[in-house]
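Contents: one structure, followed by commentary.
Whatever order the structure lists ligands and atoms in, that order sets their numbers, starting from 1.
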Amino acid sequence: MNSFIINSPLDMHLHLRDDDMLKLVGPFTSRHFSGALIMPNLLPPLTTKEALLAYKNRIKEACKDDEFEPYVTIFFQVDYSYEFLIDIKDEIIAVKLYPFGVTTNSETGVSSMDVEVLRPTLESMSKLGIPVCIHGETKGFVMDREKEFLPIYESLAINFPDLKIIMEHISSKESIELLKKYDNLYATLTVHHLMLTLDDVTGGMLNPHAFCKPIVKRPEDKKALQELALNAYPKVMFGSDSAPHRKETKECDDGAAGIFSSSIALQALTQLFDENGKLDNLNAFISLNAQKIYGLKPINKSIKLIKKDFVVPSQYSYKEERVVPLFAEQTLSWSINT
Ligand code: NCD
Ligand code: ZN
């Protein structure tokens with residue numbers, strides 16, 4: 001096949017940041033995607049209706065040349081009241097829960113993942129049908145953080161059977177077993193966890209632009225995740241976790257965690273599915289599964305990919321902001337037809 005149409009792509013885990021960075025990265029998603037689930041880990045994080053609606057307007061302004069739906073979220077707090085959640089319910093697609101200190105801008109995350117501490121808020125969300133998206137990592141050894149978090153996912157799945165729980169950006173094969181075990185668990189998968197291993201970050205020269213939380217893992221993890229995506233397992237959906245940081249905060253001491261991939265995601269996924277003879281499942285992975293899981297009716301968009309080399313730019317810039325994309329200066333075998 002030399003061309004392929006993706007219908008109404010959805011990115012169900014996306015960081016758009018704010019100000020000039022938002023203006024730089026927003027259009028890479030809005031041009032080609034119908035919608036995206038937007039992460040709330042701004043500084044300060046989004047925890048009020050006023051801040052949320054103002055941010056949504058800034059996103060719409062930054063993406064105003066395109067038809068695009070930002071599905072916004074708020075940052076989980078243990079003291080959200082039932083009344084607050086009723087009031088904000090129609091504005092949000094989900095609430096994002098970060099354990100304290102596990103990733104970029106999670107310093108106001110929850111300090112205890114004890115079920116009883118979380119119960120009032122999660123019970124309210126369950127009653128109101130608001131899904132919870134979780135960054136599932138502990139503060140243990142970096143390669144084991146996700147695995148160590150699995151008992152927490154399991155106890156949440158058991159304690160809140162009617163709550164939709166999204167295991168964000170799963171990165172290890174052990175997570176797949178748990179995902180399959182409970183009906184109320186779902187997961188997002190990124191391009192980088194499907195296409196990289198730790199060797200791509202630290203196996204040769206250090207690549208800070210492939211550094212993220214959770215860290216990409218072993219070949220067998222990548223393979224197991226690929227199998228889920230390539231077969232469009234109905235409980236997984238695409239979520240890029242595209243998380244831009246300024247070039248100078250990646251290429252420095254204390255380099256920030258986060259991979260910018262929104263400008264290359266469709267091309268890279270098409271390449272991956274094509275190489276494995278699974279293009280027939282790409283629309284389910286990139287749109288239909290998310291539509292079913294979240295009950296969405298996305299804006300109609302048809303994006304034509306063609307089998308033609310795409311040399312990924314070394315960086316993108318707007319005013320003072322510069323970001324380096326995943327696969328910078330490498331060649332992908334599929335391009336977006338413009
Ligand atoms: C994300 C960021 O930079 O906001 N970083 C990352 O490494 N993925 C936060 C997150 O999703 O963990
Ligand atoms: Zn993220």
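Residue-ligand proximity, G258 to ligand 1, at heavy-atom distances under 4.0 Å covers atoms 5 (N), 6 (C), 7 (O). Short contacts between ligand 1 and C212, defined as distances under 4.0 Å to a heavy atom of the residue, involve ligand atoms 7 (O). Near H13, the atoms of ligand 1 lying under 4.0 angstrom from a non-hydrogen atom of the residue are 11 (O).
Under the 4.0 angstrom criterion for non-hydrogen atoms, M39 is not in contact with ligand 1. Within the structure, ligand 1 has N41 among the residues with a heavy atom less than 4.0 angstrom away. The shortest heavy-atom distance from R17 to ligand 1 is under 4.0 Å.
Salt bridge present: R119 and E116 bring a charged side-chain N and a carboxylate O closer than 4.0 Å. Under the 4.0 Å criterion applied to side-chain N and carboxylate O atoms, E248 and R322 are assigned as salt-bridge partners.
Using cut-offs of 30° and 60° on the angle between ring planes, the pair F33 and F238 is parallel. Classified by interplanar angle (parallel below 30°, tilted 30° to 60°, perpendicular above 60°), the ring pair H169/H193 is tilted.
Taking 2.8 Å as the threshold, H169 does not count as a candidate ligand of the Zn ion (ligand 2), since none of its N, O or S atoms lies below it. Residue contact annotation: H13 places an N/O/S atom under 2.8 Å from the Zn ion (ligand 2).
Here the protein heavy atom with the shortest distance to atom 5 (N) of ligand 1 is A257 O, 3.1 Å. For atom 8 (N) of ligand 1, the closest non-hydrogen atom on the protein side is D241 OD2, 2.8 Å. The protein non-hydrogen atom at the shortest distance from atom 7 (O) of ligand 1 is K213 N, 2.8 Å. Remark: minimum distance from atom 9 (C) of ligand 1 to any protein heavy atom is reached at T103 OG1, 3.3 Å.
For S263 and Y316, the side-chain atoms include at least one donor-acceptor pair closer than 3.5 Å. For the residue pair S106 / T103, no side-chain donor-acceptor distance below 3.5 Å is found, with atom types taken as modelled. Between the side chains of D309 and T331, no donor-acceptor pair of N or O atoms lies under 3.5 Å.
Shortest distance from the Zn ion (ligand 2) to D241 is reached at OD1 (N/O/S atoms only).
Here OG of S171 is found 6.5 Å from CD of E137. Values are rounded to the nearest 0.5 Å.
Across all their heavy atoms, Y153 and I134 have their closest contact at OH-O, 3.2 Å.
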